[in-house]
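Basis for what follows: all heavy atoms, side chains included, without hydrogens, waters or symmetry-related copies.
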Amino acid sequence: MDRDTGLTLDQPRLLLKENGALGRAVFYGALMALGGLGGWGCFITAFQVPVYTPWLVVMGLVCIAFSVWRQTDSRKRGWRVSLPGWAAWLLMVIFRFDAAAHGAVRTVNFMLDCYGAKLNYDLPTLRLPYSVGAAQVDITGECTSFIMALLLPFFWSMARMWVRSRNNRAPFGLTGALLLLPMSFSILPAGWAFAALLMFWCMLLLLAPSLTGNEGVVGRFRKKGYKASGVAVARPTALLLLLGVGLCMGLVYMYAPPDTYKRPQLAENLRTAVREGIGSSQYIRGGQGNSNKSVQFRTMGRRDYTGETMLRVKFDWEAYPEYSVDFERTNGNGDTWYEAPRDNLGVTPANLYKEYLKSFVGSVYTGHSWERLDNEGREELSKLELCAQNQLARYKREMFAPGRDKQNWYHLSVQNLGANPRCVYIPASLISGGEELSEYGIEPVDDGYMRSQSLINGTRGYELEGDSRAYGFNYFSRVISHLAYRNYGIESISDLGSALYGNVITDKYGESITWLYGSSQMSFQNKPVGSDIPDLFNSINSQASIGGEGWPADLWEMPRFYEIWESLDPKQQELLENVEEYNKFVYEHYLEVPEELKGFLADFQEAYDLDPLGHNRAGDFRYVDGVEHYAAGIAQAFREYFTYTLDPEQPPEDRDFVEFFLGESHEGYCVHFATAAVLLLRAAGYPARYAEGYVVPSGSNGWVDVPDYNAHAWVEVYCGGTGWMPVEVTPAAPDNPAAFFDAVLPENIEEYELPTPRPETERPTMPPRDNPLIDEQLASPTPRAGVSPAPSPGTQGPGAGTSKKESGALWAVLWSLLGAAAFMGALMLQRILRIKRRERDLGQRDKNAAGLRAYAYLLKLYEKETFCGVREAPPERWRELAEKARFSAHMLSGEELSELIGDSERLKEKLRRQLPRGQKLLCWLAGLI
């Protein structure tokens, strides 16, 4: 404020000639297209939302063109022209409302799924507002419809605030929000999308002076065809910040890749303090047995246990009268002995002494983790009517086969004392259904396990009804056993198989049954009784011949045109239809093995003499279960050649977890053994999956405390006539009580015969790998959304791995030097450009404009004079000349302009001599001196 005149001289501004409407539209449209590509590309690729890219590109370009056209149109009442465009958009939304609504739910679920993967917790997902037919489901189309519905409001808002209101913060805010959603949880988008967004932001910073300010207004005067800008056309120095941040990010990524990140000790100490100080250890407790989201192998380091009680369980086998429990037997002489309880058919449940209570099931192996089913698999599963957890109970209710199981159930009570309360620990076979579980706030997850619906309190206590197990049935054996017993009193499928070859067997009434070999006739007491059972045998023979060798009896489909199908009641027919659909689902999703690992697993099977069909070849492989025998062979190989330890060797970063364990380290704990066994079973054609939780004693009376060292991992194999069955493959060891038959460490452990691995010299020799897979991508058949594929396995020796690391370090140094050179080159370039532009501005013909530029340069130098010590007030002559250049109708003379330029040169020389070194360097880089 000038005291004499009362005038205020504002920061000098430039008058830029306004472009035509077409030029402005093209300019803003191109920038908005770049911003939309980067912002929406980051969002879609980070959360792996399936979309039809061409549709989005076309819709995005249309929305950008319409938004920019309407915002650059300066005609009055232009809103009337905009109405048809918004009406068309509204009609599209109404026409595709069903798909857009479903797409919104699915997109949010994709986001929650990725967030849960980072939090290692299965976040709740939204339910679809209504159901659609199976033939109409198009997940990609629904997600595309939802995002297309958002494009017009997104680009209209950007154009309104940017083009019309000239608010440069709007593009930053809108596109930054799309990046902030994934990056706030360290979910990385695709590199091309991030690069496009970074380029868009660079353009905004570079052109910020010319893209902001009031159009056509210069003080109190308006000049048609001109707009007021800042003190410069562009700000190249603004790019230094982005360039520096980008360089730092590149160096961090190069020297500390995300997959090698380890939590800092400070954060670990804070985590421990929070856990111990606030008492929330149950909520942030991770590791084996306490997860219900995923299992990350990179965290599979040393395991230490304190003996703290995690669960308290109680098994009540006497709750059901069908099962007679008799743990102690005493004869007439007073001798007492321990006897396994059996039902009235002499069948002993496999889960009598210990039960597996699982909290997580891994379905997809990625090479570095176990994950849930992918989104496509979950979508398929949601259409099935069978609850896999209750499969055995339904069989026993409706398709009872007396030879191998009976309706023997138990009552299970669980108290969660120290484990993660968000996890619910359930047995493999349940009787309790959805209504009973919902009373405790429990809901199923996929077809494998349960979780608590409460994110805060969890579920700390619950009671379930469980099912006893004996042996597994395949699907054909289950059906044929039930029908043979119901129609002819045959209690054993093996007896029925003997009758197939002409052997005489005896039924439960003591009467003989003979199936005439080579005939389609069965005789009961030498009298024909019909062709129903032979027809079923003929049907599986015909289906097996189509399926080829190794075709599983679980995939047999009961013919619908036989009279025997009509003899089943509707509930039985419904059960068989549901099971057959689920059997197909299991064989589609639970046999997946990474393609690069199949050759290695085949070599391992051959070297360790593991024959997938060895047991089946003893008879007809279609009728005899082989999975249990093959799993027993894997467990035997582990006991003989592998070592159980809680401190195993960690696989290198570029090695597959299973390949390193089976081919090199040969040591680990239950996670290692179970994971390797699952892949070996899958490679042999047997559906299997990974499970973990706690193994608990089930044969003791009263409540039993389950300590933390009973956390365990095991294998679940599938039998179509039984369901998912737990299989133990981990060797027993003094620090592994869970592997013993009753999940309790024997008191006389010194006298207990524990498995001792053979010497290394006796280990089978694996064939050399022709194509090492180190540093290659392991192509998982069904990658989980939001999870990057793991490195491929390899078997090269230490030397090969070291050479690759040395080569990588050399390239890292070279790229660092190149990055530093590029950074210094950019600094020098922007300095040269600033000096050249200032020389051009001060030498232009318009002396008034040159004088304003000289005055602005003087003010900047005057601000830096503070660092030289005491400074005087700026001469009034500068202000007078600047006011004349801006407000007077007369042009500055050459002497007056030279006076301003001369003062700037003298002040510049003073700063060069007297500024501190740090400030002198900054001013030199900025081109001021």
Side-chain angles (χ1 to χ4, degrees), residues 105-106 109 112-113 116-117 120-128 131 289-295 355-364 370-395 397 409 412 414 416 419-455 457-467 574-575 578-579 581-583 585-586 589-590 687 689-694 714 716 718 722-726 784:
V105 174
R106 297 188 192 280
N109 286 340
L112 293 174
D113 190 63
N120 195 28
Y121 178 68
D122 196 3
L123 294 174
T125 55
L126 303 181
R127 295 184 178 181
L128 296 177
S131 60
N290 288 282
S291 170
N292 65 356
K293 183 60 182 177
S294 65
V295 175
E355 181 63 286
Y356 297 82
L357 303 184
K358 56 185 175 180
S359 60
F360 172 76
V361 165
S363 303
V364 178
W370 276 112
E371 305 289 343
R372 287 178 53 191
L373 288 169
D374 64 353
N375 294 299
E376 182 180 353
R378 289 182 227 170
E379 190 68 27
E380 294 179 22
L381 188 63
S382 64
K383 304 172 189 175
L384 303 180
E385 300 296 332
L386 180 71
C387 180
Q389 304 292 343
N390 305 109
Q391 185 173 352
L392 180 58
R394 288 194 62 185
Y395 271 134
R397 287 192 186 102
W409 298 341
L412 170 65
V414 180
N416 190 335
N420 188 345
R422 296 174 298 188
C423 297
V424 177
Y425 301 90
I426 63 167
S429 300
L430 276 180
I431 301 173
S432 302
E435 295 182 0
E436 300 170 78
L437 296 174
S438 62
E439 295 179 0
Y440 294 100
I442 299 174
E443 62 181 359
V445 180
D446 300 338
D447 60 339
Y449 58 105
M450 302 284 179
R451 67 180 176 189
S452 174
Q453 294 176 322
S454 174
L455 296 178
N457 298 322
T459 302
R460 297 181 177 274
Y462 45 92
E463 296 182 359
L464 305 173
E465 306 298 325
D467 204 328
E574 179 186 6
L575 172 61
N578 295 338
V579 170
E581 290 297 321
Y582 183 70
N583 288 344
F585 174 84
V586 167
H589 291 274
Y590 291 102
R689 63 190 187 187
Y690 172 92
E692 73 171 27
Y694 286 89
W714 59 91
E716 282 194 343
Y718 183 73
T722 304
W724 291 99
M725 299 172 52
R784 178 176 168 81

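Evaluation of the ring-ring contact (aromatic ring centres under 6.0 Å, His included) rule for Tyr425 yields Tyr694 as partners, not counting sequence neighbours.
Residues Trp724 and Arg689 form a side-chain contact, since some pair of their non-hydrogen atoms from C-beta on lies under 4.5 Å apart. Taking the side chain as every heavy atom from C-beta outward, Arg372 and Arg378 approach each other to under 4.5 Å. Side-chain contact between Asp447 and Leu373 is present, with heavy atoms from C-beta onward closer than 4.5 Å. Residues Glu581 and Leu386 are not in side-chain contact: their nearest non-hydrogen atoms beyond the backbone lie 4.5 Å or more apart. Looking only at side-chain heavy atoms (C-beta outward), Leu357 and Pro427 come within less than 4.5 Å of each other. The shortest side-chain heavy-atom distance between Thr459 and Met450 does not fall under the 4.5 Å cut-off. In this structure the side chain of Glu463 reaches within 4.5 angstrom of the side chain of Tyr440, judged on heavy atoms.
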Quiz prompt | Asp467 vs Tyr395, side-chain hydrogen bond (donor to acceptor under 3.5 Å, both in side chains): CA-CA, chis, key distance, verdict | solution = CA-CA 11 Å; Asp467 204 328; Tyr395 271 134; over 6 Å; no
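Aromatic rings of Tyr582 and Tyr718 (six-membered ring for Trp) have centroids within the 6.0 Å cut-off, being under it.
Under the 30°/60° scheme for interplanar angles, the aromatic rings of Tyr690 and Trp370 are found to lie parallel.
In terms of modelled atom types and a separation under 3.5 Å, the side chain of Lys358 and the main chain of Gly448 share a donor-acceptor contact.
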